[in-house]
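Accompanying notes for the structure given below.
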Amino acid sequence: QLQLVESGGGLVQPGGSLRLSCAASGFTLGAYAIGWFRQAPGKEREGVSCISRSGGSTKYADSVKGRFSISRDNAKNAVYLQMNSLRPEDTAVYYCAASAQYRGTTWCPLSETYVMNYWGKGTLVTVSS
């Protein structure tokens, strides 16, 4: 069964950190560009960060630049999102998604939900004191 599973969410105080993981089963994650998305209550899903197939190129939404860091370990078939200096407005369900599209070695889908082939079920991140 082909699936992505996110983990690492939880409750954290403002200013704290969390590390989200996205693990793939049934397929090789290294053949896909990966995106992290989030959806807060009452809001549309938005792109947070993405990483190219090789990991050599990354992109970030302006709202998380300098605070979040995406990485991948293709040997472990996993992608990570390190989130530092968390704010209440970061509260959302975080999803990882994989895209089989190839648009060059540096391409990754920051906000293009329509190009994603697989989605995880999400992990909840709550930032609150």
Report task. Decide if atom CD of Glu89 counts as having more than 12 heavy atoms of other residues, nucleotides or ligands within a radius under 6.0 Å. Result -> yes
Query raised in the report: Is there a side-chain contact between Pro88 and Ser128, using heavy atoms and a 4.5 Å cut-off?
Result: no
Query raised in the report: With a 4.5 Å limit on heavy-atom distance, are the side chains of Gln3 and Tyr118 in contact?
Result: no
Query raised in the report: How far apart are the C-alpha atoms of Arg87 and Asp90, what are their side-chain angles, what is the distance that settles it, and do they pass the salt bridge (charged side-chain N to carboxylate O under 4.0 Å, His left out) test?
Result: CA-CA 5 Å; Arg87 304 167 180 170; Asp90 295 319; 5.3 Å; no
Report task. Determine the minimum heavy-atom distance between Gly120 and Tyr95, stating which atoms define it. Result -> O-CD2, 3.5 Å
Report task. Indicate if Val79 and Phe27 have the same hydrophobic cluster label, given that clusters are the connected sets of ILVMFWY residues with side-chain heavy-atom separations under 4.5 angstrom. Result -> yes
Query raised in the report: Do Cys22 and Tyr80 have side-chain heavy atoms sitting under 4.5 Å apart?
Result: no
Query raised in the report: Does the gap between the ring centers of Phe37 and Trp119 come in under 6.0 Å?
Result: yes
Query raised in the report: Would Thr123 and Leu20 count as a side-chain contact (heavy atoms from CB on, under 4.5 Å) if you check the C-alpha gap in whole Å, the side-chain angles of each, and the deciding distance to 0.1 Å?
Result: CA-CA 8 Å; Thr123 185; Leu20 304 185; 4.0 Å; yes
Query raised in the report: Between Arg103 and Val115, what is the shortest heavy-atom contact and its length?
Result: NH2-CG1, 3.4 Å
Requested in this report: Using the side-chain contact (heavy atoms from CB on, under 4.5 Å) rule, take Gln39 and Glu46 through it: C-alpha gap first, then chi angles, then the decisive distance, then the call.
Outcome: CA-CA 6 Å; Gln39 187 165 18; Glu46 63 174 351; over 6 Å; no
Query raised in the report: How close do Thr106 and Ser57 get, heavy atom to heavy atom, and via which atoms?
Result: O-OG, 2.9 Å
Report task. Using a 4.5 Å cut-off on heavy atoms from C-beta on, say whether the side chain of Ser49 contacts that of Tyr60. Result -> yes
Query raised in the report: Looking at Tyr102, is Arg53 sitting on its ring face, NZ or CZ under 6.0 Å from the six-membered ring centre and within 45 degrees of the normal?
Result: no
Query raised in the report: Do you know the tightest heavy-atom contact between Ile34 and Pro109?
Result: O-CD, 4.4 Å
Query raised in the report: Under the 3.5 angstrom rule, does the side chain of Thr28 hit a backbone N or O of Gly30 as a donor-acceptor pair?
Result: no
Report task. Could you walk me through whether Lys121 and Glu6 pass salt bridge (charged side-chain N to carboxylate O under 4.0 Å, His left out), step by step? Result -> CA-CA 7 Å; Lys121 293 183 179 180; Glu6 304 92 339; over 6 Å; no
Report summary line: Minimal heavy-atom distance between Cys108 and Lys59, with the atoms involved, is O-NZ, 3.5 Å
Requested in this report: Would you indicate whether the side-chain heavy atoms of Tyr94 and Met83 approach each other to under 4.5 Å?
Outcome: yes
**Report entry** Donor-acceptor contact present, side-chain Arg72 to main-chain Leu29, <3.5 Å
**Finding:** yes
Report summary line: The reported gap from NZ in Lys43 to CZ in Arg38 (rounded to nearest 0.5 angstrom) is 8.5 Å
Query - Any side-chain heavy-atom pair of Leu124 and Leu11 under 4.5 Å - result: no
Query raised in the report: Within the distance-only criterion (no hydrogens, no angle test), does the side chain of Thr58 pair as donor or acceptor with the backbone N or O of Ile70 below 3.5 angstrom?
Result: no
Query raised in the report: Would Ser17 and Arg67 satisfy side-chain contact (heavy atoms from CB on, under 4.5 Å), going step by step from the backbone distance to the final call?
Result: CA-CA 9 Å; Ser17 297; Arg67 300 188 298 122; over 6 Å; no
Report task. Check whether any side-chain N or O of Asp73 sits under 3.5 Å from a backbone N or O of Ala78 as a donor-acceptor pair, and report yes or no. Result -> no
**Report entry** Min side-chain heavy-atom separation Leu86-Leu18 under 4.5 Å
**Finding:** yes
Query raised in the report: Is there a side-chain contact between Asn84 and Phe68 (heavy atoms, below 4.5 Å)?
Result: no
**Report entry** Main-chain N/O of Met116 paired with Ser99 side-chain donor or acceptor, under 3.5 Å
**Finding:** no
Query raised in the report: Can you name the ring-ring contact (aromatic ring centres under 6.0 Å, His included) partners of Trp107, sequence neighbours left out?
Result: none
Report summary line: Taking every heavy atom of Ser21 against every heavy atom of Trp36, the minimum-distance pair comes out as O-CH2, 3.7 Å
